[in-house]
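Working notes, structure below.
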Number of protein chains: 2
Amino acid sequence: MTDAAQTISDRIQEKLDHLTRAERQLALSILENYPASGLGPLSALAKDANVSVPTVARMVQKLGYKGYPDFQSELREELRAKAKGPIAKHETWAEAAPSEHLLNRFTDAVIDNIRLTLGQIDPDAFDEACALVADPSRHLFIAGGRITHTLAEYFFMHMQVIRPNLTHVQSTSSTWPHYLLNAKEDDVFVIFDVRRYENNTLKLAEIAHARGAKIVLFTDQWRSPVHHLADITFSCRIIAPSAWDSTTTTMLLVETMISSVQNLNWDETKERMEHLEEMFDQTKLFRKFT
Amino acid sequence: MTDAAQTISDRIQEKLDHLTRAERQLALSILENYPASGLGPLSALAKDANVSVPTVARMVQKLGYKGYPDFQSELREELRAKAKGPIAKHETWAEAAPSEHLLNRFTDAVIDNIRLTLGQIDPDAFDEACALVADPSRHLFIAGGRITHTLAEYFFMHMQVIRPNLTHVQSTSSTWPHYLLNAKEDDVFVIFDVRRYENNTLKLAEIAHARGAKIVLFTDQWRSPVHHLADITFSCRIIAPSAWDSTTTTMLLVETMISSVQNLNWDETKERMEHLEEMFDQTKLFRKFT
DNA sequence: TCGAGACTGTTATATTTTTTTCACAATTTT
DNA sequence: AAAATTGTGAAAAAAATATAACAGTCTCGA
């Protein structure tokens, strides 16, 4: 444990379990900008982590240092050694694992996906899509297929809080709600379709398109055939070192859209969220934040 | 402080010619192990460079800083920026959008989450968890709560293809399958629990723990209370510029685990995937790949 | 539900360290 | 030799740290 080969970062992480709430909060804050934040004055660190000055002093000693200056000098020593060392590259994500480890390879691939996907996105189209989705006067249909079902559900769950007047449609479902057939011209469909593209989803899109509804499509880099019917298409790169494709990038886009729509409807959302909080408090479904 | 694009190292080197002998000696010493030596006390730096204390004070002001502490805080700021790495900063993701656009801010936050999360992961623990989950002789229970339900379902969906003998439990469900109460010692629970932590999930974990089953937990950086019962915990950073937390990082880990487990069980998975393909072809649920 | 105990922030103070500045002598440079 | 530079020693000022006492809060077990 007290081996010289151990970095202070390791040491903190190791003891993370034995720390109390405020101390853990502090520890995480230190790791956040490691090691810079630990090299400033104690008071600044405390403020940064939103804990009190004594908490910092107490934890540093708990970690086994004689005092804050002692802790700092070890940090500097580590920084010194690191700068000297031959391995200055920080290209691995899971630092404790070799770069060939799946953790690093997979993350590399996903970051690549994110980079390439975002690079192709037209921000105006994105904003336009958000505006469409945010408009409560349009009925919002959200549809996913077999794989994308979870994404659609995630999106639906959040939209439910943000706005009224929406429906979750599972394209693989044998029975579509009949009012879907009555979709109006002003309605919006958010459709998820990645390979392998599903016939049902295409049919659904055709119905929507025939009724003149707007279609926002999340698909992969090869583009679902729904693409021809969609008003706005987001194609996400989904390549991963796996037998399956990665949904992570699409998830990122979906979450960004949720955040954006939420901002557009903030007044109403706020109210709805407060109601939700109340409900949760009443049902005691959740524990108090610890 | 004047030029943002210039590092302090650059600044020192630039002025190197206009410095006197002792000052140059000091400057070179600072650059020797940069930036560590500049972050210690002034007196230590002076001693290190074999110059007097006033020389250090004089030069720092000559370089344009208000005082030694000012110089230090700039150094720390630089270190901070550098630690973020080239990927996190200095790059706009959606190139067509300004860096203040939500697309870029959100992605920045998520990349940060990924970096910090992966940095804390113990690859051995990860491999161990994958091995547990891959073992078909253990019954696999997958449980998620309100928010994490979609993640759990996504994981379950893929595990279904990879291995038999598994169950999806929705912790918020009013009725848990009765055989959950008969969980054996060798069984494995994969539990998702992020804030706000759910009491039902904790109860479920307690049952599992009481029966001696293994518990693998996916939680957030603050750690669900289930953590105390879990054999292996993955804490994912979930901060985002949004009223909600981001699940993207957790999704990344889940997908990595899926990929890893799939590799471990490849022989069987292959067979099952082929069966699945056949089924899909027969039901004509999917279109041919175009 | 209640109470003991642990945890944390607040406030205050003592202590230590660090920084800044000074005057002046020694040394080097021009 | 004059001017600039540098170190020495010291001391004042400022900042940072360590510690204590205490009250409010939360947790957990009875």
Side-chain angles (χ1 to χ4, degrees), chain A residues 15-30 36-76 281 284 286-290, chain B residues 15-30 36-76 195-199 202-203 205-206 209-210 222-229:
Chain A
K15 297 218 177 187
L16 214 51
D17 294 335
H18 308 294
L19 296 178
T20 59
R21 199 246 333 142
E23 286 172 343
R24 188 156 47 240
Q25 189 176 323
L26 168 62
L28 289 172
S29 168
I30 292 175
S37 48
L39 291 167
L42 185 149
S43 54
L45 178 57
K47 197 170 166 191
D48 232 44
N50 275 314
V51 298
S52 67
V53 167
T55 297
V56 179
R58 285 191 274 247
M59 189 191 78
V60 167
Q61 296 189 9
K62 204 167 176 179
L63 288 176
Y65 301 96
K66 207 182 152 204
Y68 189 68
D70 183 33
F71 169 73
Q72 281 191 317
S73 87
E74 298 244 355
L75 263 185
R76 278 196 302 275
D281 281 346
K284 294 188 179 174
F286 297 111
R287 291 168 54 95
K288 272 273 157 55
F289 182 85
T290 51
Chain B
K15 296 214 178 188
L16 213 52
D17 295 335
H18 307 282
L19 297 177
T20 61
R21 195 219 82 233
E23 286 172 342
R24 187 155 45 239
Q25 188 176 324
L26 167 60
L28 289 174
S29 168
I30 292 176
S37 48
L39 291 167
L42 186 149
S43 56
L45 177 57
K47 196 170 167 190
D48 231 44
N50 275 315
V51 298
S52 68
V53 167
T55 299
V56 179
R58 284 191 277 249
M59 189 190 78
V60 166
Q61 296 189 6
K62 206 167 176 178
L63 288 176
Y65 301 97
K66 206 182 153 204
Y68 189 67
D70 184 34
F71 169 72
Q72 282 190 317
S73 87
E74 298 257 343
L75 264 185
R76 278 195 303 273
R195 71 171 185 187
R196 312 170 43 149
Y197 311 122
E198 301 182 18
N199 272 328
L202 181 57
K203 285 212 187 95
E206 277 164 356
H209 186 255
W222 302 286
R223 301 192 174 191
S224 146
V226 173
H227 158 242
H228 298 294
L229 309 171

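Reminder, nothing fancy here: chain letters follow the sequence lines and each chain counts from 1. Fair warning: this is a prediction, and the values are worked out from it, not measured in the lab.
Atom CZ in A:R76 sits about 9 Å away from atom P in C:dT18, given to the nearest Å. At whole-Å resolution of the value, CD in B:Q25 and C1' in D:dG7 are 12 Å apart. Between the CG atom of B:N50 and the C1' atom of D:dG7 there is a distance of 12 Å, given to the nearest Å. In this structure, B:H18 atom NE2 and D:dA4 atom P are separated by 18 Å, rounded to whole Å. We find that OH of B:Y65 is positioned 14 Å from P of C:dT20, with the value rounded to whole Å. Per the geometry, CZ belonging to A:F71 stands 16 Å off C1' belonging to D:dA18, to the nearest Å. Taking atom CZ of A:R21 as the reference point, atom P of C:dC7 lies 12 Å away to the nearest angstrom. Following rounding to the nearest Å, B:E23 (CD) and D:dA4 (P) show an atom-to-atom distance of 15 Å.
Comparing C:dT8, C:dC22, C:dT19 against the side chain of A:A22 picks out C:dT8 as the nearest. Side-chain atoms of B:Q72 lie closest to C:dT19 of the nucleotides D:dA16, C:dT19, D:dT6. Each of D:dT8, C:dT10, D:dT17 was ranked by its minimum atom distance to the side chain of A:S52; first place goes to C:dT10. Listed nucleotides: C:dT21, D:dT6, D:dA18. Nearest to the side chain of B:A57: C:dT21. Checking C:dT8, D:dA18, C:dT21 against the side-chain heavy atoms of A:R58 singles out C:dT8 as nearest. Here the side chain of A:Y68 is nearest to one of D:dT8, C:dT19, D:dT17, namely D:dT17. Looking at the side chain of B:V53, the nearest of the listed nucleotides C:dT20, C:dT10, D:dG7 is C:dT20. Side chain of A:P41, nearest nucleotide from D:dA16, C:dG9, C:dT10: D:dA16.
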| task | Dump the intermediate steps for salt bridge (charged side-chain N to carboxylate O under 4.0 Å, His left out) on B:R223 and A:D17, then the final yes or no. | result | CA-CA 10 Å; B:R223 301 192 174 191; A:D17 294 335; 2.3 Å; yes
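Side-chain atoms of A:E74 never come within 3.5 Å of backbone atoms of A:F71 as a donor-acceptor pair (strictly under, hydrogens ignored).
Between C:dT8 and A:T20, a contact under 4.0 Å exists linking OP1 or OP2 to a side-chain N or O. At least one side-chain nitrogen or oxygen of B:Q61 sits closer than 4.0 Å to the OP1 or OP2 atom of C:dT21. Remark: A:T55 is in phosphate contact with C:dG9, judged by side-chain N or O atoms under 4.0 Å from OP1 or OP2.
Residue B:I30 comes nearest to B:M59 through the heavy atom pair CD1-CE, 4.1 Å, listed as atom of the first residue, atom of the second, then distance.
Expressed to the nearest 0.5 Å, how far CZ of A:R58 lies from CG of A:L26 amounts to 11.5 Å. How far NZ of A:K66 is from OG of A:S73: 10.5 Å, rounded to the nearest 0.5 Å.
B:P54 comes within contact range of at least one nucleobase, with a heavy-atom separation under 4.0 Å.
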